[in-house]
Amino acid sequence: MYFGIIAFLFILAAFDLWVGVSNDAVNFLNSAIGSKVARFRTIVTVAAVGVFCGAVMSDGMMDIARHGIMRPEQFVFGEVMLVFLAVMVTDVVLLDIFNSLGMPTSTTVSMVFELLGATFAFSMLKMAGGSALPFGAYMNTDKALQVILAIFLSVAVAFVVGSFVQYLARLLFTFNYGKRLRWKIGIFGGVAITAIIYFMLFKGLKHLSFMTAEVKGFLDEHIFIVLGTCLVVFTLLMQLLHALKVLATAFAGNDLVNFIGVPLAGLSSFRDFAASGSTDAWSFSMDSLNASAHTQPVFLFAAGLIMVFSLARSKKAHNVVKTEVGLSRSDEGDEMFGSSRVARSLVRMGANVGTFVQRITPRPVANFVERRFAPTDMPLPDGAAYDLVRASVNLVVAALLIALGTSLKLPLSTTYVTFMVAMGSSLADRAWSRESAVFRVTGVLTVIGGWFITAGVAFTACFFVALAMRFGGVPAIVIIVGAGIYALIHSQRRFAKKQAEEEKEDDVLFHQMCRCRDPKAIGGMLLRHLSVSVAEKTAKYSDILTAATDGLFQERRRMLKQAERNLETEKMLLKSLRRRETIGLRRADAAEAVRLSTSFHLVHNSLRQIHYGLMRLCEPAKEHVDNNFSPIAPELAARYLALRDRLVALLDNTALRIRQTDTPLDIQDISDEAVQLKNDFAAFRHEVTLLLQTPGAHLVTLSLLLHVTQETEQIVKELRSLIKSVRRFRELV
């Protein structure tokens, strides 16, 4: 049975390497991808070299899984194996969920808190069984607290250091770094890489099993010569030796323990148990895990190959990269997150602090800073989110912090460090404008909230999984492992389907507008974008109107709830659409933008009014059906639905006509039909009003019908305004 558990551990380790690298790829790819320093294939190739080297050199970090959390001398072989198995199953499923959501989470935090949860479960069982030992005898609370504090303190440290270094770097280089100050760039790169080499070579590599005493002695005796040579060489060859590969090495050396440290600890436990000759897994003490790990190079080599393959092939890695690059980009674009009350308060507080600092800063100093931060006409590569100065700062600062943690044998969260460095540098670089700050802060808070959720979920889930395995025995183990693998496979299929839908719906035209350098070409691109988006919204509103009114007259509560959910979704999409198209309009020629502005905003105002009309129609209809009130009289319902069907046909026809941008927009027949339909709704509304005055009339149902009719009549009016504004916009372009 335990041989089977070892096999399961290594199978899960392979899955864990795949999903873990998919999430942690954001840690060392985002700066290179965000700055478009090279093609994606080139970036992945260089990163793969660093990942592989870091994996092969990561033996010194494996002790965390062995005795960093638990005190193995107080546990027996059977308990330790269940702890390791529970950790691996929970870890694979949890990381895959975050990957599918596109949220960068911490493999370090998940591993540490899963070990805490499983160890806590068995510690509680021992104490409940009458053990006289205190709780601290079972868990390495000092080391666990040190690890947890290092992880969470790295959030604040990374943000502050990233902000400070980026501020200094921008003062030094300005945004016009490409035309001058090349010697400063060389020195900056030389110092940065030399510092990283110091931590990785003189601190981290000393723990490797194949480092001989002679080599260590040579490094200690000639440290200044080696560092001085590195400084000169790396200063001269800065453009050839990009810091990307160093960060990838630091990542792999720090995070490989999160992926294979537990299975290797399980294998070591199995070997010790087998070598002892013992036959009772529940009496053999595991004090051997207190010894330092000596990992065979073949395991590190195989793990490196899997990590490299995952890095190159995983689409979820690309999905996670989008989140950090989107939150740290310099220009405006389609924001990934909305606003929140906390974010609005923080932005307001930050603005007040900024105003105070600006007021007390001497004018000459303020003028100097403003000149250094003045925007430049130096274009970014197509699709780049920020320039090479910020990308270098992100990589260097994150690499230094991670390498420092690795040298101290602290499993820092590379996710936390790199993400917060990127956020701090983007803030210092003035990438968060007044218009985008609240969305960026909301995004950062969402990601950080996800990290804390990771810790709680990892601890709780692994706690119960460990208990289920302990009391359920072999059947529970087989079921839980099988369920975990099934969940992973099902998630991969669901993600592939979702990815295909997102690629189909991707706003390619908007990205083309953002990359276009010719302002005179923007008008035609915006016209195509506006035509397609208005047509899609009109068709969607037609479907929602049908669902809401059918749900009312057929008393189908589920249909009304779905219509209400669709309206909430459309509200956010409409807000995002208006922002994207406004950004496109701002990139147009100034004279053309002013000429198009009125009709453009009238189009969006009409879309919003139609949306509000549907919301005002749907809400009382749902309340009526929820309360199980009397249905509207069939003859009145039939008359309304006949008019509604005409409106639905008009909406569909309008969507079809607007979508055709290659032909002149002839709206006379649509406008005439809208006028006639509005008059017919007005006549029907008048009849319902008269019925309300009839003695004995059903007040609730007739009042609702009157309200629904009024809102539908208003939708017809706004539809007529919409098509007129679209035609006007098209004529001006």
Side-chain angles (χ1 to χ4, degrees), residues 36 170 174-179 326 328-335 347 351 354 367 369-387 390 426 429-440 507-535 537 573-609 658-659 661-662 664-665 721-733:
K36 294 292 182 181
R170 191 59 71 190
T174 75
F175 284 97
N176 200 22
Y177 61 91
K179 296 182 180 179
S328 59
R329 68 175 182 272
S330 295
D331 59 346
E332 293 180 283
D334 187 22
E335 298 294 339
V347 170
N367 291 338
V369 172
E370 288 301 319
R371 287 196 302 271
R372 306 303 288 180
F373 276 86
T376 178
D377 294 332
M378 182 178 175
L380 294 174
D382 286 346
Y386 38 76
D387 63 13
R390 179 135 60 96
S426 63
D429 217 22
R430 302 185 179 180
W432 297 3
S433 66
R434 291 285 290 267
E435 286 73 22
S436 64
V438 67
F439 306 117
R440 305 286 178 90
D507 198 341
V508 177
L509 190 53
F510 170 69
H511 298 305
Q512 290 176 352
M513 283 193 292
C514 291
R515 292 193 294 266
C516 181
R517 301 297 178 187
D518 182 11
K520 295 185 180 300
I522 296 293
M525 300 170 70
L526 183 58
L527 171 60
R528 294 196 300 274
H529 194 284
L530 185 78
S531 299
V532 172
S533 61
V534 170
K537 292 300 173 190
L573 293 176
L574 185 59
K575 184 182 295 185
S576 173
L577 174 65
R578 184 165 192 162
R579 176 177 174 80
R580 275 178 284 157
E581 293 185 343
T582 302
I583 291 171
L585 184 63
R586 289 180 59 183
R587 297 180 65 84
D589 179 71
E592 185 179 30
V594 172
R595 190 172 67 253
L596 296 174
S597 180
T598 300
S599 56
F600 169 81
H601 290 292
L602 286 175
V603 168
H604 276 281
N605 289 345
S606 295
L607 286 174
R608 179 172 293 185
Q609 290 304 319
I658 291 176
R659 189 183 291 271
T661 58
D662 54 346
L665 183 58
S721 299
L722 173 66
I723 56 179
K724 285 184 175 181
S725 299
V726 171
R727 183 181 64 176
R728 178 62 176 164
F729 185 88
R730 187 174 295 189
E731 290 171 348
L732 291 172
V733 174

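As the structure is a computational prediction, the values presented were derived from the model and not from experiment.
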Residue among Ile723, Val534, Leu722 satisfying side-chain contact (heavy atoms from CB on, under 4.5 Å) with Ser606: Leu722
Positive for side-chain contact (heavy atoms from CB on, under 4.5 Å) with Leu530, one of Arg730, Met525, His604: His604
Considering all heavy atoms of both residues, which atom of [X] and which atom of [Y] are nearest to each other, and what is their separation?
X: Ser597; Y: Leu585; answer: CA-CD2, 4.2 Å
X: Arg608; Y: Leu574; answer: CA-CD2, 3.8 Å
X: Leu526; Y: Glu581; answer: CD1-O, 3.8 Å
X: Arg587; Y: Met513; answer: NE-O, 3.0 Å
X: Ser599; Y: Leu732; answer: OG-CD1, 3.8 Å

About how many Å separate [atom2] of [Y] and [atom1] of [X], when rounded to the nearest 0.5 Å?
X: Leu577; Y: Thr582; atom1: CG; atom2: OG1; answer: 8.5 Å
X: Arg578; Y: Phe600; atom1: CZ; atom2: CZ; answer: 6.5 Å
X: Arg372; Y: Arg170; atom1: CZ; atom2: CZ; answer: 10.5 Å
X: Asn605; Y: Thr598; atom1: CG; atom2: OG1; answer: 10.5 Å

Working for side chain to side chain contact (heavy atoms under 4.5 Å, CB included), residues Ile522 and Asp589: CA-CA 8 Å; Ile522 296 293; Asp589 179 71; over 6 Å; no
Whether over 12 other heavy atoms sit under 6.0 Å from Arg728 CZ: no
